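Chain A is the first sequence line, chain B the second, and so forth, proteins listed ahead of strands; every chain is numbered from 1. Bear in mind that the values here come from a model prediction, so they are computed numbers and not experimental data. Atom set for the values below is all heavy atoms of this structure, side chains included, hydrogens, waters and symmetry mates excluded.
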2 protein chains.
Amino acid sequence: MTDGIVERSRPRDRILETARDMFHKHGIKGVGVDAITEAAGTNKMTLYRHFESKDELIVECLRANAAKAGAMWDAFEAEFPGDKLAQLHAWVRKAAAMLNADGRGCDMANAAAELTEPDHPARLVIKELKEAQRARLVTLCRDAGIGQAELLADTLSLLLEGARVSVQTVGTEGPSTQFVRMAEGLIVSFRGTAAV
Amino acid sequence: MTDGIVERSRPRDRILETARDMFHKHGIKGVGVDAITEAAGTNKMTLYRHFESKDELIVECLRANAAKAGAMWDAFEAEFPGDKLAQLHAWVRKAAAMLNADGRGCDMANAAAELTEPDHPARLVIKELKEAQRARLVTLCRDAGIGQAELLADTLSLLLEGARVSVQTVGTEGPSTQFVRMAEGLIVSFRGTAAV
DNA sequence: CTAGGGTGTTACCGGTCTGTAACTTCCAGC
DNA sequence: GCTGGAAGTTACAGACCGGTAACACCCTAG
């Protein structure tokens with residue numbers, strides 16, 4: 001019961017959702033458009049009526065991923081309104097939970113690993129989306145009253161990014177098990193050096 | 001002027017070296033055996049006389065990469081004999097230098113991102129080699145007299161791994177610029193909590 | 001009821017992929 | 001100089017790839 005998601009909805013949405021799922025599981029070059037449309041319960045022609053090429057479908061999937069991640073951030077704000085520090089800790093816990101959820105790393109990072117052509121349209125949106133996420137984390141750290149918000153945000157980013165590839169290479173029992181401990185420790189130690 | 005390396009040597013070595021280079025630059029699924037053999041100045045039949053399949057060639061390339069990385073560690077020992085702390089700092093500097101050298105991340109991590117079949121032969125050796133590298137870093141930290149050597153080693157691992165994917169997604173001007181600062185800071189702070 | 005747009009179906013194009021067969025050529029060691 | 005093995009050459013098999021053409025269908029809005 002994998003790769004299903006053929007609920008009745010408009011073909012475009014089904015294709016997008018199925019492609020996201022299959023790209024995530026099998027990689028981008030590991031999935032052909034035929035396989036996507038079949039799993040989405042439709043056909044190739046319909047795909048090409050809604051997306052001008054596989055590359056555009058890839059880009060649209062990445063954007064959809066980022067939108068979903070953005071919604072997660074909004075959920076933190078809803079859960080701890082105004083309490084930025086609590087939101088930061090929620091982010092750490094959520095990230096750690098997703099680490100162990102599936103052994104595949106970040107879709108954007110994986111896409112960047114696969115799509116090596118320097119002018120591939122996906123590379124631009126990956127950079128754009130990653131930078132937006134970084135900006136959001138920096139803002140959260142700063143609003144949580146942390147001095148050197150950029151440094152903390154970048155450190156947390158690298159740790160999480162590293163934990164994701166670690167899970168992908170050595171599994172969930174490797175260095176990534178320490179992620180929460182590292183992240184929490186960092187936040188505490190940065191809290192010490194409060195706003196200047 | 002790329003992908004050359006057609007010096008006169010035995011075809012097997014040329015194929016291996018060329019494949020390493022091309023896999024690194026263009027990804028594994030982004031390079032066909034025809035392209036490899038042509039760039040290596042030989043032909044497909046010769047490749048298949050030395051490697052039973054592309055998958056075996058991939059595995060052999062990964063092992064060669066790991067051997068090269070191992071040689072780097074030996075160089076640190078040769079440069080700072082017995083001074084494990086100096087070797088650790090040398091490792092940080094070397095890692096940072098390689099970060100900015102080329103925008104492609106770790107070959108093993110990239111391979112893990114591309115080769116999603118859970119029983120792909122490469123996945124096994126990736127895990128094996130990554131675990132060996134981790135063990136070596138833990139040993140280095142411990143021999144440098146650092147308490148919680150595993151935690152420091154794992155943190156440094158995740159930071160470096162994350163920095164490599166960061167370079168690949170947002171470029172060298174992103175969070176990875178802070179890698180040395182983070183790593184050196186960590187080493188110092190772990191030195192504080194000396195061996196228990 | 002009808003018109004029309006979204007959808008499904010089938011077949012196809014040209015290209016690329018891994019891997020193999022059959023044969024020729026080269027070259028080093030005897 | 002001869003021979004045997006390594007290497008090169010050409011052609012091909014069979015599968016898959018992204019993308020398109022032509023046409024039949026269905027279902028809803030008018």
Side-chain angles (χ1 to χ4, degrees), chain A residues 3-23 25-62 110-111 114-117 119-123, chain B residues 3-23 25-62 110-111 114-117 119-123:
Chain A
D3 304 345
I5 322 180
V6 196
E7 329 124 12
R8 278 305 112 181
S9 54
R10 309 180 66 188
R12 189 184 192 279
D13 299 336
R14 274 182 286 147
I15 290 170
L16 199 58
E17 205 62 21
T18 307
R20 283 209 316 134
D21 183 57
M22 295 183 74
F23 286 155
K25 287 183 187 157
H26 313 298
I28 291 177
K29 301 203 178 175
V31 173
V33 292
D34 277 310
I36 293 172
T37 54
E38 187 191 334
T42 177
N43 56 71
K44 197 155 49 168
M45 271 316 300
T46 301
L47 187 153
Y48 280 102
R49 286 188 192 109
H50 290 288
F51 305 92
E52 77 166 10
S53 67
K54 184 185 181 182
D55 282 348
E56 189 187 296
L57 176 61
I58 293 167
V59 167
E60 232 47 53
C61 285
L62 292 173
N110 289 342
E114 283 196 84
L115 309 173
T116 64
E117 305 97 323
D119 58 346
H120 192 290
R123 298 199 70 84
Chain B
D3 304 345
I5 322 181
V6 197
E7 330 125 11
R8 279 305 112 181
S9 53
R10 307 179 67 193
R12 188 182 193 281
D13 298 336
R14 274 182 286 147
I15 291 170
L16 200 58
E17 205 61 21
T18 308
R20 284 208 315 133
D21 183 57
M22 295 182 75
F23 285 154
K25 286 182 187 157
H26 312 300
I28 290 176
K29 299 202 179 176
V31 173
V33 293
D34 276 311
I36 293 171
T37 55
E38 187 192 334
T42 176
N43 56 71
K44 196 156 48 169
M45 272 315 301
T46 301
L47 187 153
Y48 280 102
R49 285 190 194 107
H50 290 289
F51 305 92
E52 76 166 12
S53 67
K54 184 184 182 184
D55 282 348
E56 189 186 297
L57 175 62
I58 293 167
V59 167
E60 232 49 51
C61 285
L62 292 174
N110 289 343
E114 283 195 83
L115 309 174
T116 64
E117 305 98 323
D119 57 347
H120 192 289
R123 297 199 71 83

Is A:Thr42 near enough to C:dG8 that one of its side-chain N or O atoms lies under 4.0 angstrom from OP1 or OP2?
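Affirmative; the distance criterion is met.
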Round to a whole Å and report the spacing from [atom1] of [X] to [atom2] of [N].
X	N	atom1	atom2	result
B:Arg10	C:dA28	CZ	P	13 Å
B:Arg12	D:dG8	CZ	P	15 Å
A:His26	D:dC16	NE2	C1'	16 Å
B:Glu38	C:dC17	CD	P	11 Å
B:Ile36	C:dT16	CD1	C1'	14 Å
A:Glu56	D:dG19	CD	C1'	14 Å
B:Asp34	D:dC17	CG	C1'	16 Å
B:Asp13	D:dA7	CG	C1'	14 Å

B:Asp34: which residues meet the salt bridge (Lys or Arg N to Asp or Glu O under 4.0 Å) condition with it, sequence neighbours left out?
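Partners of B:Asp34 under the salt bridge (Lys or Arg N to Asp or Glu O under 4.0 Å) test: B:Lys44.
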Could you pull out all residues at least two apart from B:Arg123 that satisfy salt bridge (Lys or Arg N to Asp or Glu O under 4.0 Å)?
none
Is any side-chain N of the basic residue among B:Arg14 and B:Glu17 closer than 4.0 Å to the acidic one's carboxylate O?
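Salt bridge flag = no for B:Glu17 with B:Arg14.
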Quick one, which residues of residues 43-55 of chain B touch DNA chain D with a heavy atom under 4.0 Å?
B:Asn43, B:Met45, B:Thr46, B:Arg49, B:His50
Would you please name every residue forming a side-chain contact (heavy atoms from CB on, under 4.5 Å) with A:Lys54, sequence neighbours left out?
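Listed in chain order: A:Phe23, A:Ile28, A:Val33, A:Ile58.
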Name each donor-acceptor pair under 3.5 Å that joins a side chain in residues 46-53 of chain B to protein atoms two or more places apart or in another chain, with its distance.
{"unit_1": "B:Thr46", "atom_1": "OG1", "unit_2": "B:Asn43", "atom_2": "OD1", "d": "3.1"}
{"unit_1": "B:Ser53", "atom_1": "OG", "unit_2": "B:Asp55", "atom_2": "N", "d": "3.4"}
{"unit_1": "B:Ser53", "atom_1": "OG", "unit_2": "B:Glu56", "atom_2": "N", "d": "3.2"}

Please enumerate all residues that pass side chain to side chain donor-acceptor pair (under 3.5 Å) together with A:Asp13, with sequence neighbours excluded.
none
